[in-house]
Amino acid sequence: MDKWQRRTLQFTLGLFGVMFAYAVFYYAGMTVFERRSITFFHALQVVVETFTTTGFGSDSPWSSPVMNAFVIVMDLTGVALIFLAFPVLLFPFLDEVLSTTVPRSVEEDLEDHVVICSYTERVRTLIEELESRDIPYVIVDADRDRALDLYEDGHRVVYADPETVEGLERVRLDAARALVVDRSDCVDTSIVLTAREAADDITIVSVLENPEHATYHRLAGADHVLCPRPLLGESLASRVLATVSPELEGSIEIGEDFEIVELPVYCGSPLVGQTLASSGIREQTGVHVIGAWFRGTFETPPSADATITNGTVLLVTGHSEELNTLKERVLADVRPVDPGETVVVGHGQVGQMVTDQLDEHGVPYTVVDVVDSPDVDIVGDATDPEVLREAGCCRGAKTVIIAVPDDTTAEFATLVIREESPAIEIIVRANESRNVTKLYRAGADYVSSLATVSGRMTAGAIVEEDDILDFGKQVNVVRTSGAELAGRTLGEVRVRTRTGCTVVAIERDGEVLTDVGPAVRVEEGDDLIIAGTDEGVRRFNEILG
């Protein structure tokens with residue numbers, strides 16, 4: 001029973017109670033004060049006529065002052081209750097009738113769908129992944145206003161309480177592919193326990209805020225417990241570690257001794273200022289540049305005349321030896337990190353993972369946070385320019401990692417640092433993917449979105465386990481079926497032109513083909529390894545997948 005129904009019931013019971021009480025008093029008053037003999041039903045009729053304004057004075061005039069006063073009070077009460085009924089009953093009723101009605105259940109034939117408990121920015125990325133693969137979904141939410149907003153935005157949503165068996169039955173949980181819970185760590189465990197009662201064999205994916213709660217979610221019955229924040233911290237730290245580690249950080253192995261990797265270009269690199277054509281990357285190292293990020297914009301294939309700048313991220317493929325040769329060339333004139341040259345702004349879960357990674361590789365750093373703790377070197381607000389200057393963010397530091405949990409704060413800090421130190425490398429954590437572009441405009445060199453990482457991880461747990469090959473990169477690298485392209489060459493299909501993705505390799509009969517030019521013909525049973533932005537991969541799945 002919702003709020004309007006409860007209010008209607010309470011008002012109706014109160015109205016009948018008042019009318020009954022007035023009828024009793026009127027019946028007694030006519031006998032005692034007017035000396036007239038009437039039935040109780042006649043008294044009740046007079047009260048009803050008075051309250052509904054359909055009749056006045058059927059027993060008038062009244063001779064006693066008491067009865068005249070009572071009739072006056074009864075008249076005023078009836079009018080007051082009529083006017084009270086408009087805001088209490090009529091207006092909400094009209095709003096309910098005229099406004100959009102949120103579904104309270106799904107279609108009876110819906111199956112193999114994903115049930116998502118509540119909507120967050122992280123869920124939005126997941127929904128985009130599901131839509132690109134034609135996997136149906138339904139959001140279940142106990143907040144009517146939020147459910148209404150989602151429904152009007154075009155989402156399939158059901159207004160129900162996911163913490164009850166009845167609520168999960170309304171979304172046909174027993175016929176679903178998986179259940180995703182992403183509200184809060186405590187509420188999620190309650191939903192997981194309820195889901196096990198409603199459909200014991202359902203696959204449950206739980207997304208955590210705090211990794212320390214993972215054990216409790218597994219005990220509750222979750223099959224996949226995802227902790228995106230540590231992975232995000234590793235992704236941010238990898239930018240710094242690339243200059244000190246002899247190994248290629250974050251490379252994705254495609255086949256035997258063949259990898260794809262994002263290779264950032266740092267200040268001082270001999271490649272800075274050169275075009276891709278004049279850099280000689282292909283001729284001197286044998287590596288293929290299949291894409292590049294220029295200030296947050298991904299190009300595939302990048303133009304030969306595109307200029308490599310500080311902060312450009314090259315997406316390259318090749319054999320391990322070739323990639324290491326390119327890395328050595330990129331870092332030839334880049335100084336190793338010295339004490340005080342790396343600053344971590346924000347020491348929450350993501351910031352702590354960043355510093356853990358730096359500690360593991362012996363990289364010195366300075367920590368800034370608004371909350372004092374033994375691991376914090378400078379206590380202060382990240383939006384205060386004086387605090388940032390004291391930490392060396394504006395002078396002296398080589399790299400700043402902004403890991404604060406608020407995107408607005410991160411944007412302001414990025415503006416301050418970029419204004420006072422144009423050459424410094426700024427690496428930023430974004431909570432919401434929609435703010436990534438703004439952070440690049442503010443001056444960030446590299447932005448990793450928690451929503452994107454979380455959405456990819458969740459999608460990876462629902463779709464094929466090996467479908468999404470990496471969750472923490474700016475570029476999405478996935479394995480997908482090439483059945484729709486069988487019999488055609490890559491040149492005929494025009495993958496890059498139509499989708500913005502690049503086919504990196506083809507898996508065929510257990511082998512990986514890495515020489516995949518336009519003349520290569522896709523055969524039945526092939527799997528394609530493609531790389532591109534999230535939007536590009538979704539477009540590939542929609543058009544060619």
Side-chain angles (χ1 to χ4, degrees), residues 1-10 91-93 95-108 110-111 113-128 130-131 135-200 202-210 213 216-217 219-226 431-432 451 454-455 458 462:
M1 183 179 296
D2 60 24
K3 184 177 180 181
W4 179 81
Q5 291 173 325
R6 288 195 302 271
R7 184 185 298 169
T8 301
L9 179 60
Q10 292 168 359
F91 294 160
F93 174 75
D95 182 64
E96 182 84 11
V97 171
L98 298 178
S99 64
T100 304
T101 301
V102 185
R104 295 177 180 270
S105 62
V106 295
E107 310 91 286
E108 293 184 359
L110 181 64
E111 58 183 19
H113 55 291
V114 177
V115 177
I116 303 172
C117 293
S118 197
Y119 183 86
T120 64
E121 179 69 18
R122 298 184 294 273
V123 165
R124 187 175 72 169
T125 303
L126 168 63
I127 289 175
E128 292 171 348
L130 296 177
E131 288 178 337
I135 298 176
Y137 71 90
V138 57
I139 303 170
V140 55
D141 203 309
D143 186 303
R144 184 184 181 280
D145 292 337
R146 185 165 56 231
L148 178 60
D149 290 340
L150 291 170
Y151 183 69
E152 291 180 339
D153 287 341
H155 294 289
R156 176 183 275 148
V157 62
V158 167
Y159 170 44
D161 186 355
E163 293 186 68
T164 65
V165 173
E166 179 190 3
L168 294 178
E169 287 177 344
R170 290 184 187 177
V171 293
R172 289 181 51 81
L173 185 67
D174 58 339
R177 171 193 293 239
L179 170 71
V180 176
V181 289
D182 187 12
R183 290 179 61 180
S184 70
D185 288 359
C186 292
V187 174
D188 288 350
T189 55
S190 175
I191 297 174
V192 172
L193 291 169
T194 305
R196 283 294 171 224
E197 182 179 351
D200 185 58
I202 187 70
T203 299
I204 301 177
V205 181
S206 182
V207 183
L208 294 183
E209 297 283 340
N210 188 344
H213 296 158
Y216 311 120
H217 284 244
L219 288 174
D223 298 290
H224 303 277
V225 180
L226 309 181
N431 271 321
E432 301 183 6
S454 178
T458 309
I462 295 172

Engineer: For residues Ala220 and Leu193, report the shortest heavy-atom separation together with the two atoms involved.
Structural biologist: O-CD2, 3.5 Å
Engineer: Please check if the side chain of Ser454 supplies one atom and the backbone of Ala451 the other of a donor-acceptor pair under 3.5 Å.
Structural biologist: no
Engineer: What heavy-atom pair brings Val207 and Asp188 nearest, and what distance separates the two atoms?
Structural biologist: O-OD2, 3.6 Å
Engineer: Where the side chain of Arg146 meets the backbone of Asp141, is there a donor-acceptor pair that is under 3.5 Å apart?
Structural biologist: no
Engineer: Are any non-hydrogen side-chain atoms of Val205 and Leu226 less than 4.5 angstrom apart?
Structural biologist: yes
Engineer: Could you tell me the separation between the OG atom of Ser184 and the CG atom of Leu208, rounded to the nearest 0.5 Å?
Structural biologist: 11.0 Å
Engineer: CG/Leu168 to CZ/Arg196 distance, rounded to the nearest 0.5 angstrom?
Structural biologist: 11.5 Å
Engineer: If the test is side chain to side chain contact (heavy atoms under 4.5 Å, CB included), which one of Thr203, Asp223, Leu173 qualifies with Leu179?
Structural biologist: Leu173
Engineer: Checking Glu107 now: which residues fulfil side-chain hydrogen bond (donor to acceptor under 3.5 Å, both in side chains) with it, not counting sequence neighbours?
Structural biologist: Arg156
Engineer: My understanding is that only residues two or more places apart in sequence, or in another chain, count here; which of them pass side-chain hydrogen bond (donor to acceptor under 3.5 Å, both in side chains) with Glu108?
Structural biologist: none
Engineer: Between atom CG of Asp182 and atom SG of Cys117, what is the distance when rounded to the nearest 0.5 Å?
Structural biologist: 10.0 Å
Engineer: Looking at His113 and Val171, would you say the former's side chain and the latter's main chain have a donor-acceptor pair under 3.5 Å?
Structural biologist: yes
Engineer: Hey, could you give me the NE2/OG distance between His213 and Ser206, rounded to the nearest 0.5 Å?
Structural biologist: 11.5 Å
Engineer: Locate the shortest heavy-atom distance separating Ala198 from Val165; write the atom from each residue and the value.
Structural biologist: CB-CG1, 4.1 Å
Engineer: My understanding is that only one of Val140, Val158, Val106 makes a side chain to side chain contact (heavy atoms under 4.5 Å, CB included) with Val115; could you say which?
Structural biologist: Val140
Engineer: So, using side-chain hydrogen bond (donor to acceptor under 3.5 Å, both in side chains) as the criterion, who are the partners of Ser190 when residues are at least two apart?
Structural biologist: Glu163
Engineer: For Ala147 and Val102, which heavy atoms make the closest approach, and how far apart are they?
Structural biologist: CB-CG1, 3.9 Å
Engineer: Donor-acceptor check, side chain of Asp185 to backbone of Asn210, threshold 3.5 angstrom: yes or no?
Structural biologist: yes
Engineer: Please walk me through it: do Thr458 and His224 pass side chain to side chain contact (heavy atoms under 4.5 Å, CB included)?
Structural biologist: CA-CA 9 Å; Thr458 309; His224 303 277; over 6 Å; no
Engineer: What distance separates Ile127 CD1 from His155 NE2, expressed to the nearest 0.5 Å?
Structural biologist: 5.0 Å
Engineer: Quick check for you: to the nearest 0.5 Å, what is the distance between Ile116 atom CD1 and Ile462 atom CD1?
Structural biologist: 7.0 Å
Engineer: If you take all heavy atoms of Ala142 and Tyr159, which pair is closest and at what distance?
Structural biologist: O-CE1, 3.3 Å
Engineer: Closest approach of Ile204 and Ala195, non-hydrogen atoms and distance?
Structural biologist: CD1-CB, 3.9 Å
